[in-house]
Protein chains: 2
Amino acid sequence: MISEKNVQRLILYRKILIGLQQEGLQGIHSHTLGKYADSSPAQVRRDLMAIGYSGTPVHGYKVHELVSSISEFLNNPLPQKTCIIGLGNLGRAILDYCHQRNDNIPIMYAFEKDKAKVGKVIHGCKCISVADLEDVIEKEGIELAIITIPAMDAQFIAERLVNSGIRGILNYSPVELRLPDSIYVENRDMLLALEKVAYFSR
Amino acid sequence: MISEKNVQRLILYRKILIGLQQEGLQGIHSHTLGKYADSSPAQVRRDLMAIGYSGTPVHGYKVHELVSSISEFLNNPLPQKTCIIGLGNLGRAILDYCHQRNDNIPIMYAFEKDKAKVGKVIHGCKCISVADLEDVIEKEGIELAIITIPAMDAQFIAERLVNSGIRGILNYSPVELRLPDSIYVENRDMLLALEKVAYFSR
DNA sequence: TAGATTGTTAATCGATTAACAATC
DNA sequence: TAGATTGTTAATCGATTAACAATC
């Protein structure tokens, strides 16, 4: 019933709606939301119907309730604890940006090789030695991981993560990870993104 | 004939093939390539047929020729000059990773507010004041831009970029840019990516 | 020749679009 | 009531899958 694309658009809608809400907007039409999200009005309506939320003729959708409905659909009953592997430039940028933007997905620990960083707290996130990776993940019940380490180490670390109980990985390293199908992996190779822009910009 | 997904997969195939090539692999079957790229063998064959490249029964595809064929299809006749806006943690991470990985998309200039950084050369990329943005982009014929600045400034900068002649934007700021349809924008909000992983990991 | 893989075609599936009825 | 927007349904479109013929 709900497709992967559906979910992706719902995530985007929520982001846009929260932004508009902060500007004081109370109601919105499928037409307007679609414009911001690059979807057709019909698409927006279908997506919202899919999660059981309806608008009213003439007045459209109530922003506040819509955000609640989408969150109810997207959010896990319990927060999904997250960790990040690697605190280089990219790791710090992600921490900086994601820190407490979504309480349902708290980034709780950062694992690092560099002993100079271990023990510090960066953006409310404890920096721990990679040697303790398995222990901490199992003990704390961490479910998600963000990988920002060099290509060379990524596969090995990913396998250790999976063996410790990680269920989903956001992979910023330029490697296609070979992991069991039960693990959800989202790859975000930055060069591929740029190549895509290069192709479609012409 | 060629869909957006087609292109995206071709970009991924090339990346995988270049990796395998460096390990010494000469030939590959659609089955194997599909495994690495999370596509079906039939999908791989269709994608490659779409760009006019055929394999041979029994032996499959020649890696070297395949990389050439894909590159021929993806690459612009002339390199597409690229700039990056913002040299915070994220900007430096991207520069570090993308620097000279694809000569056809050289990142030539970085624009920065911070005067302490202006004038320096980071990863072979000159750091220039944002005040000179229009001049440099027009004079050098820069086509693509990567945005890594805070949400607040992104829309304004994006409009300046477009007015200077930028055709495609890779947007890492957490803002949906409102730009003419002729401009190709690829959004890479890192929080949305994490939310997607959170949803699909369960 | 037998086997493995490829390209080709037809059938299926799903998602999007278009037209319409329903509602405040 | 008239107008604007919504939900619903049928029609279209495209992409994927499955079965088969072709090739070295």
Side-chain angles (χ1 to χ4, degrees), chain A residues 1-14 16-17 20-21 25-70 73-74 181 196 199-200, chain B residues 1-14 16-17 20 25-70 72-74 181 196 199-200:
Chain A
M1 177 118 185
I2 301 275
S3 74
E4 184 170 333
K5 279 190 177 177
N6 257 220
V7 172
Q8 212 170 326
R9 282 191 299 256
L10 286 169
I11 292 171
L12 180 56
Y13 298 155
R14 175 165 70 173
I16 292 167
L17 289 166
L20 294 172
Q21 203 177 14
L25 195 79
Q26 309 236 332
I28 193 167
H29 289 158
S30 56
H31 172 76
T32 314
L33 184 51
K35 223 166 153 185
Y36 278 102
D38 254 319
S39 303
S40 69
Q43 182 71 268
V44 171
R45 290 199 291 270
R46 213 178 321 118
D47 288 334
L48 298 181
M49 280 192 294
I51 59 165
Y53 189 77
S54 300
T56 59
V58 187
H59 298 104
Y61 298 86
K62 291 180 188 164
V63 174
H64 183 75
E65 288 181 15
L66 194 43
V67 171
S68 300
S69 292
I70 296 176
F73 174 78
L74 291 176
D181 287 343
K196 193 177 166 192
Y199 181 85
F200 287 108
Chain B
M1 176 112 182
I2 300 276
S3 72
E4 183 170 334
K5 279 189 178 179
N6 258 220
V7 172
Q8 210 170 329
R9 282 191 298 258
L10 285 168
I11 293 172
L12 179 56
Y13 297 157
R14 176 167 68 172
I16 293 167
L17 289 166
L20 293 170
L25 195 78
Q26 310 236 332
I28 192 166
H29 289 158
S30 55
H31 171 78
T32 314
L33 184 51
K35 223 166 154 185
Y36 278 101
D38 254 320
S39 302
S40 69
Q43 182 72 268
V44 170
R45 289 199 292 270
R46 211 175 325 117
D47 288 334
L48 298 180
M49 278 190 296
I51 59 166
Y53 190 77
S54 300
T56 58
V58 187
H59 299 104
Y61 298 86
K62 290 179 189 165
V63 175
H64 183 74
E65 289 181 15
L66 193 42
V67 170
S68 300
S69 293
I70 296 176
E72 197 178 325
F73 174 78
L74 291 176
D181 287 344
K196 192 176 168 194
Y199 182 84
F200 286 108

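Within every chain, numbering begins at 1; the chains are lettered A, B, ... in the order of the sequence lines, protein sequences first and strands thereafter.
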(request) Go ahead and name the base partner of C/dT8; Watson-Crick or wobble counts if both distances stay under 3.5 Å, otherwise write none. (result)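 Pairing partner: D/dA19.
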(request) Report the base-pairing partner of D/dG3 (Watson-Crick or G-U wobble, both distances below 3.5 angstrom), or none. (result) C/dC24
How long is the span from the [atom1] atom in [X] to the [atom2] atom in [Y], to the nearest 0.5 Å?
| X | Y | atom1 | atom2 | answer |
| --- | --- | --- | --- | --- |
| B/Leu10 | B/Ile70 | CG | CD1 | 5.5 Å |
| A/Leu48 | A/Asn6 | CG | CG | 9.5 Å |
| B/Leu12 | A/Lys196 | CG | NZ | 12.0 Å |

Rounded off to whole Å, could you give me the [atom1]-to-[atom2] distance for the [X] and [N] pair?
| X | N | atom1 | atom2 | answer |
| --- | --- | --- | --- | --- |
| B/Asn6 | D/dT16 | CG | P | 8 Å |
| B/Gln43 | D/dG14 | CD | P | 16 Å |
| A/Glu4 | D/dT16 | CD | C1' | 15 Å |

(message) Counting only heavy atoms not in B/Tyr53 (residues, nucleotides, ligands), do more than 12 fall under 6.0 Å from its OH?
(response)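 Result for OH/B/Tyr53: enclosed.
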(request) Evaluate the side-chain proximity of B/His64 to B/Gln26: yes if any heavy-atom separation is below 4.5 Å, no if none is. (result) no
(message) One pair to check against ring-ring contact (aromatic ring centres under 6.0 Å, His included): A/Tyr199 and B/Phe73. What are the steps and the verdict?
(response) CA-CA 10 Å; A/Tyr199 181 85; B/Phe73 174 78; 5.6 Å; yes
Show me the protein contacts with nucleotides 5-10 of chain D, counting only N or O atoms at under 3.5 Å.
{"from": "D/dT6", "atom 1": "OP1", "to": "A/Ser30", "atom 2": "N", "distance (Å)": "2.8"}
{"from": "D/dT6", "atom 1": "OP1", "to": "A/Ser30", "atom 2": "OG", "distance (Å)": "3.2"}
{"from": "D/dT6", "atom 1": "OP2", "to": "A/Ser30", "atom 2": "OG", "distance (Å)": "2.6"}
{"from": "D/dT6", "atom 1": "OP2", "to": "A/Arg45", "atom 2": "NH1", "distance (Å)": "3.0"}
{"from": "D/dG7", "atom 1": "OP1", "to": "A/Gly55", "atom 2": "N", "distance (Å)": "3.0"}
{"from": "D/dG7", "atom 1": "OP2", "to": "A/Tyr61", "atom 2": "OH", "distance (Å)": "2.9"}

